[in-house]
Protein chains: 2
Amino acid sequence: MATTPQPGTRERIVRAASLLMQRQGYEGTGIKQVAQEAQATLGSVYHFFPGGKQAVGVAAVQHADQEFADLLSASLSEEADPAKAIAACARTLARHLRDSAWVDGCPISATALETTGRVPAIEHAVTQAFQHWRAIVADTLRGAGFPEGDANDLATTVISTLEGAELTAQVYKSETPLTVAGEHMARLINSYKA
Amino acid sequence: MATTPQPGTRERIVRAASLLMQRQGYEGTGIKQVAQEAQATLGSVYHFFPGGKQAVGVAAVQHADQEFADLLSASLSEEADPAKAIAACARTLARHLRDSAWVDGCPISATALETTGRVPAIEHAVTQAFQHWRAIVADTLRGAGFPEGDANDLATTVISTLEGAELTAQVYKSETPLTVAGEHMARLINSYKA
DNA sequence: GGCTAGATAGAACGTTCGTTATAGTGAGTC
DNA sequence: GACTCACTATAACGAACGTTCTATCTAGCC
């Protein structure tokens with residue numbers, strides 16, 4: 001089987017940490033809260049993560065990195081036209097956000113903002129995630145025939161805009177900022193075709 | 001004179017709180033740290049803000065709201081062409097970010113993400129700020145002849161993209177994401193002219 | 001059975017958190 | 001000079017923080 005039906009303790013800790021930090025940020029999430037949410041004890045957390053809270057934070061960011069990368073890849077491969085694919089991706093994000101009662105936005109941006117310039121280990125994991133996501137979008141655009149330079153620039157802006165639109169949608173508690181941003185990104189991409 | 005040469009205690013508290021929350025978020029910033037940074041005592045903080053940390057947070061967000069609104073207005077009024085103006089604005093933000101050693105990004109996004117859905121008073125102040133900024137951009141676009149609907153949609157995406165690009169630039173410690181996003185926004189806006 | 005190592009359990013440490021309470025200051029009014 | 005009141009200054013509170021510690025459990029192997 002692909003994954004164990006009931007995930008191991010380490011996995012439960014990482015998932016709980018990732019979810020809590022997505023919603024409350026790094027500083028707002030306590031180690032004890034993570035342990036409780038993961039149905040693990042404090043001893044287990046420090047057994048698997050001798051590096052303490054920072055180590056848990058890094059693992060949580062890496063987990064979120066992979067999870068969002070999977071969502072991005074799946075979303076982009078469903079459509080042949082990259083412009084339409086990104087607009088569809090934005091709609092998917094908007095739906096997920098609404099279904100979570102506007103609490104599950106970008107899984108790492110809160111942690112990123114709190115720790116930038118202050119917690120190098122987490123900062124590094126965040127940078128990796130952003131590069132990972134940008135690469136996925138850039139590869140899609142290159143695959144659709146866009147030249148290297150345009151693909152990289154567009155990919156950077158697409159990730160930035162999705163990031164910002166997710167925050168805006170969360171603040172307004174509305175799907176509109178995300179869906180509109182998706183359509184604008186499609187329009188921008190198409191403007192490079194001609 | 002416009003402002004007192006040495007601002008009063010309340011003003012110093014608000015400024016210190018705003019700066020610290022911009023860099024460390026709401027949860028990562030302590031009341032005692034704010035007092036120390038503002039060169040005020042704890043007693044003064046609770047004298048001016050009987051509502052405690054939440055009240056300080058609200059005032060800090062409102063202060064940042066006004067400050068960024070001023071920067072936005074000044075930046076947009078320097079150029080007649082709104083597309084060029086927004087690209088210039090992005091470059092200004094990039095310069096400020098670099099000059100602060102990549103720590104002074106959007107003044108409220110960290111606080112917004114940490115408190116959304118959990119601290120209604122701050123959530124409300126954040127929503128006000130986002131609407132305020134969007135209105136400034138929308139007014140500029142309407143003033144340049146864009147129809148109501150387009151102006152509103154574009155303004156929403158412009159604010160979202162600036163927000164996201166600032167985060168990305170902070171993560172990468174590079175001006176590029178912001179300057180590129182600015183140029184893309186200019187291109188997007190111009191695509192509505194024809 | 002005895003041994004070992006991985007994993008779990010939870011008490012306890014010192015620190016810091018946000019908050020409250022109380023005392024003190026100093027300028028302005030009568 | 002007594003009084004007021006806005007403001008400042010500290011000490012102290014209980015709760016929560018991240019972390020450390022020791023003890024116990026559970027398999028797998030000899």
Side-chain angles (χ1 to χ4, degrees), chain A residues 3-61 110-111 114-115 118-123 125, chain B residues 3-61 110-111 114-115 118-123 125:
Chain A
T3 55
T4 347
Q6 36 191 4
T9 305
R10 201 198 125 99
E11 179 76 10
R12 291 203 313 278
I13 291 169
V14 173
R15 289 191 195 182
S18 185
L19 189 69
L20 288 171
M21 288 178 186
Q22 175 179 33
R23 297 180 178 176
Q24 318 174 342
Y26 178 74
E27 301 287 354
T29 301
I31 284 282
K32 290 174 185 173
Q33 188 187 10
V34 170
Q36 186 177 342
E37 199 73 15
Q39 300 203 82
T41 62
L42 211 47
S44 297
V45 175
Y46 278 92
H47 171 75
F48 288 108
F49 300 96
K53 190 182 182 182
Q54 284 194 22
V56 173
V58 168
V61 168
T111 298
E114 284 173 315
T115 60
R118 302 194 305 139
V119 191
I122 294 183
E123 217 178 350
Chain B
T3 55
T4 349
Q6 37 191 5
T9 306
R10 199 199 127 99
E11 179 75 10
R12 291 203 314 276
I13 292 169
V14 172
R15 288 191 196 182
S18 184
L19 189 69
L20 289 171
M21 288 178 187
Q22 174 178 33
R23 297 181 178 176
Q24 318 174 344
Y26 178 74
E27 301 286 355
T29 302
I31 285 281
K32 290 173 185 172
Q33 189 187 9
V34 169
Q36 186 176 340
E37 199 73 13
Q39 301 202 81
T41 62
L42 211 46
S44 298
V45 176
Y46 278 93
H47 171 74
F48 287 108
F49 300 97
K53 190 181 182 182
Q54 285 194 21
V56 174
V58 168
V61 168
T111 298
E114 286 173 314
T115 60
R118 303 195 303 138
V119 190
I122 294 184
E123 218 179 347

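Reminder, nothing fancy here: chain letters follow the sequence lines and each chain counts from 1. It should be emphasised that the depicted structure is a prediction, and the values quoted were computed from it without experimental measurement.
- The 12-atom threshold is not exceeded at CD of B:Gln39, counting heavy atoms of other residues, nucleotides or ligands nearer than 6.0 Å.
- Here the shortest heavy-atom pairing between A:Lys53 and A:Ile31 reads CA-CD1, 3.6 Å.
- For residues 18-35 of chain A, the set of pairs meeting the salt bridge (Lys or Arg N to Asp or Glu O under 4.0 Å) definition, not counting sequence neighbours, comprises A:Arg23-A:Asp104, A:Glu27-A:Arg118.
- Listed in residue order, the members of residues 34-42 of chain B having a heavy atom less than 4.0 Å from DNA chain C are B:Leu42.
- Here the straight-line distance linking atom CD1 of A:Ile122 with atom CE of A:Met21 works out to 6.5 Å at 0.5 Å rounding.
- Evaluation of the side chain to side chain donor-acceptor pair (under 3.5 Å) rule for A:Glu11 yields A:Arg15 as partners, not counting sequence neighbours.
- Scanning residues 44-59 of chain A for heavy-atom distances under 4.0 Å to DNA chain D yields A:Tyr46, A:Gly52, A:Lys53.
- A sub-4.0 Å separation between OP1 or OP2 of D:dC7 and a side-chain N or O of B:Thr9 is absent.
- Considering CD of A:Gln33 and CG of A:Leu20, their distance stands at 4.5 Å, rounded to 0.5 Å.
- For A:Gly43 and A:Tyr26, each mapped to the nucleotide of DNA chain D holding its nearest heavy atom, the one lying further toward the 5' end belongs to A:Tyr26.
- Residues A:Arg12 and A:Ala38 approach most closely at NE-O, 2.8 Å, considering heavy atoms.
- Heavy atoms only, all atoms of each residue included: B:Ala59 and B:Val14 are closest at O-CG1, 3.7 Å.
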Identify all side-chain donor-acceptor contacts of residues 42-51 of chain A below 3.5 Å with residues at least two apart in sequence or on another chain.
unit_1, atom_1, unit_2, atom_2, d
A:Ser44, OG, A:Thr41, OG1, 3.3

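- When all heavy atoms of A:Ala16 and A:Val34 are compared, the closest pair comes out as CB-O, 4.0 Å.
- Heavy-atom contacts of chain B under 4.0 Å fall on DNA chain C between two terminal nucleotides, which in 5' to 3' order are C:dC17 to C:dT20.
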